[in-house]
2 protein chains.
Amino acid sequence: MADPIYWTIAQELREQIEGGDLGPGDQLPTELELRRTYNASRNTIRDAVKWLTTRGLVQTKPGQGTFVAQQFKPFVTTLSADRDTGLGGGEGYGAFAEVSERGLTPSASVPRVEVLIAPSYIAERLRIAEGTQVITRRQERFINKMPWSVQITAYPMELIQKGAVDLLMAQDIPGGAVAYLQRTLGLEEVGHRDRILVRAPGQDEARFFKLPDDGRVSVVSVIRTGYRDSDEGPIPFRATFTVFPADRNQFVTNSGTFPRELARAASDQYYTAPTDGEDGELDGPDGAAEADGSQPEDSGAG
Amino acid sequence: MADPIYWTIAQELREQIEGGDLGPGDQLPTELELRRTYNASRNTIRDAVKWLTTRGLVQTKPGQGTFVAQQFKPFVTTLSADRDTGLGGGEGYGAFAEVSERGLTPSASVPRVEVLIAPSYIAERLRIAEGTQVITRRQERFINKMPWSVQITAYPMELIQKGAVDLLMAQDIPGGAVAYLQRTLGLEEVGHRDRILVRAPGQDEARFFKLPDDGRVSVVSVIRTGYRDSDEGPIPFRATFTVFPADRNQFVTNSGTFPRELARAASDQYYTAPTDGEDGELDGPDGAAEADGSQPEDSGAG
DNA sequence: GCAAATTTGTTCGTATGTATT
DNA sequence: CAATACATACGAACAAATTTG
């Protein structure tokens with residue numbers, strides 16, 4: 001009887017959810033009912049439910065009840081560009097084509113264009129002096145009306161002076177801004193560099209993505225720096241910051257040659273990762289059970 | 001006075017932490033002290049502290065107190081391979097070279113080799129029949145004795161029959177297994193495909209990485225399928241599953257040409273992502289404040 | 001539109017158990 | 001062993017949100 005009561009109750013409820021007795025959207029018994037069922041105080045019941053909500057298994061709605069959380073079929077974004085089609089690459093335009101093929105309906109907000117003094121995180125990416133002016137284009141994207149990503153791209157001001165005036169238009173650029181720069185200025189993106197990190201959502205992000213306000217669900221931040229050629233080698237000409245909720249997105253990058261049929265439609269093959277078993281008995285990459293006492297040995301690239 | 005008391009207290013403590021009044025490792029006032037300070041009941045104080053722990057800001061230790069959480073300087077893994085050096089690619093060997101250059105001491109467990117009937121998630125990756133035998137090599141990696149990643153690679157059994165017998169040895173393969181297959185069988189990895197996803201850690205993973213047992217901190221799962229050439233085009237010959245704790249890792253992928261000086265030492269330029277401000281006043285990619293009522297408009301690739 | 005019933009959210013109080021120093 | 005500090009558990013009351021009559 002070493003296990004806390006609230007924990008035991010939480011496990012029983014978890015098994016009912018994962019076992020399928022309670023499907024997504026179903027209502028759990030109310031606190032009063034649970035209290036009778038388990039012969040525990042209301043606070044103990046609430047601790048058990050709290051355990052479930054913290055893990056995202058259930059969702060409580062004041063005045064209504066507690067419900068089993070819906071889970072999304074994750075959407076897959078291909079980060080590496082497809083050399084042939086030029087699509088993919090996690091850009092809005094290419095990714096949207098993938099979405100359409102999957103029978104989902106993508107949509108996007110009207111771009112919000114801003115000219116601002118480059119803050120440090122933009123200046124560093126574009127390798128310009130902090131305080132230089134930059135253009136930023138901000139767009140929110142949706143899949144089936146569900147918020148999917150927020151993207152901000154920053155360009156140096158000189159691109160406007162050279163003639164890429166559409167960057168200042170608060171409207172979609174057909175084919176994407178990179179293609180536009182190519183055909184307008186002959187500016188070619190010869191390469192890019194993505195940085196991927198996982199962090200807690202900010203308050204506004206949590207609100208936009210309708211994430212629980214306790215920071216349980218992370219967001220994936222993809223920071224892309226696009227490079228063009230110059231006499232001194234590749235130099236950055238754009239920095240794109242895209243934020244995705246981690247609970248409904250996966251990412252793919254390709255390198256070298258690989259089966260062609262995988263190049264597109266990554267979205268269709270979403271993947272459920274093997275997890276080591278909650279009960280330590282599943283078949284996944286398991287076996288760290290003895291990890292506590294084991295000491296690492298030096299080996300390899302020492 | 002619309003805000004709950006526990007929330008208000010939590011915000012005050014958060015500001016003290018983020019403002020630097022309380023540094024990493026510092027002890028918070030005890031529950032009893034906080035109770036006097038804020039003139040609230042112990043349960044209310046505990047709710048406030050719970051709010052902080054859920055977000056990973058503080059850590060409670062029974063019998064000792066509550067402490068401001070340490071935060072790691074994230075380690076950066078380059079996922080895309082460097083064509084020149086052949087390093088990088090998130091593989092143990094290449095990544096370890098990066099770590100060494102940074103002045104950290106990497107180490108790894110002795111590989112655990114297993115021959116097993118391929119479960120579905122491996123069979124799908126290697127495109128073999130479920131139930132076929134595969135070799136798996138499992139290794140735990142550490143940086144400065146801190147658990148950093150768990151990696152499992154699966155190979156089809158036929159590689160052994162063709163002569164790559166070292167795959168069965170429970171010891172490090174100098175230069176990595178891919179290089180070994182190259183020089184032993186002439187098997188070249190012509191490309192690979194990474195799938196990146198974020199999920200809650202399993203129980204064993206949480207224990208190994210010393211993550212809080214409530215699933216707050218996610219893990220990043222990187223699934224790499226390596227391809228070799230054949231008459232029928234590229235076919236997979238290995239599947240590598242690597243799991244990293246999301247709170248101390250970032251990832252980089254390169255594509256096309258980009259500045260050479262960024263190819264290596266990605267670890268040195270870790271990146272703090274811009275977040276929209278908790279108080280809605282920071283300079284980051286902000287402005288979703290009005291998101292609640294805004295309707296998406298159809299545009300772009302519709 | 002209003003009132004009642006239902007359900008979760010917050011806050012207080014108190015007691016006991018467990019881990020650490 | 002004793003003191004300290006967090007963990008669990010009970011009970012009670014009122015507030016806020018939602019649905020229903």
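Every value quoted in this text rests on a predicted model; they were computed, and no experiment measured them. Chain letters run A, B, ... following the sequence lines, proteins first and then strands; every chain starts at 1.
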Take the protein atom CD1 of Ile5(A) and the nucleotide atom P of dT18(C), then report the distance between them rounded to whole Å.
12 Å
What integer distance in Å separates Arg36(B):CZ from dC12(C):C1'?
18 Å
Phe251(A) vs Val198(B) side-chain heavy atoms within contact, under 4.5 Å
no
Could you tell me how far apart Leu28(A) (CG) and dT6(C) (C1') are, to the nearest whole angstrom?
16 Å
Tell me the interatomic distance from Trp51(B), atom CH2, to dG9(C), atom P, rounded to whole angstroms.
17 Å
Under 4.0 Å between a side-chain N or O of Thr66(B) and OP1 or OP2 of dC6(D)?
yes
Among the nucleotides dT20(C), dG13(C), dG9(C), whichever has the atom closest to the side chain of Arg35(B) is dG13(C)
Could you tell me the separation between the CZ atom of Phe67(A) and the P atom of dT18(D), rounded to a whole number of Å?
11 Å
Just call it for Gln64(B): base, sugar-phosphate, or nothing, with non-hydrogen atoms closer than 4.0 Å on any strand.
sugar-phosphate
Return the minimal non-hydrogen interatomic distance between Pro74(B) and Gln250(B), and the atom names on each side.
CG-NE2, 3.4 Å
Is the closest basic N to carboxylate O distance between Lys50(B) and Asp47(B) below 4.0 Å?
no
Does a salt bridge link Arg36(A) with Glu31(A), judged by any charged N lying under 4.0 Å from a carboxylate O?
no
Determine, using ring centers only, whether Trp51(B) and Tyr6(B) are less than 6.0 Å apart.
no
Euclidean distance, atom CD of residue Gln27(B) to atom P of dT4(D) [Å, nearest integer]
14 Å
Think Thr60(B) has a side-chain N or O under 4.0 angstrom from the OP1 or OP2 of dA7(D)?
yes
Which parts of residues 37-47 of chain A get close to DNA chain D, meaning a heavy atom less than 4.0 angstrom away?
Ala40(A), Ser41(A), Arg42(A), Asn43(A), Thr44(A)
Are any non-hydrogen side-chain atoms of Val222(A) and Arg195(A) less than 4.5 angstrom apart?
no
DNA chain D: Lys61(A) or Tyr6(A), which has the more 5' nearest nucleotide?
Tyr6(A)
What pair of heavy atoms forms the shortest contact from Val243(B) to Phe209(B), and how long is it?
O-CZ, 3.4 Å
How many whole angstroms separate atom CD of Glu31(A) from atom P of dG11(D)?
14 Å
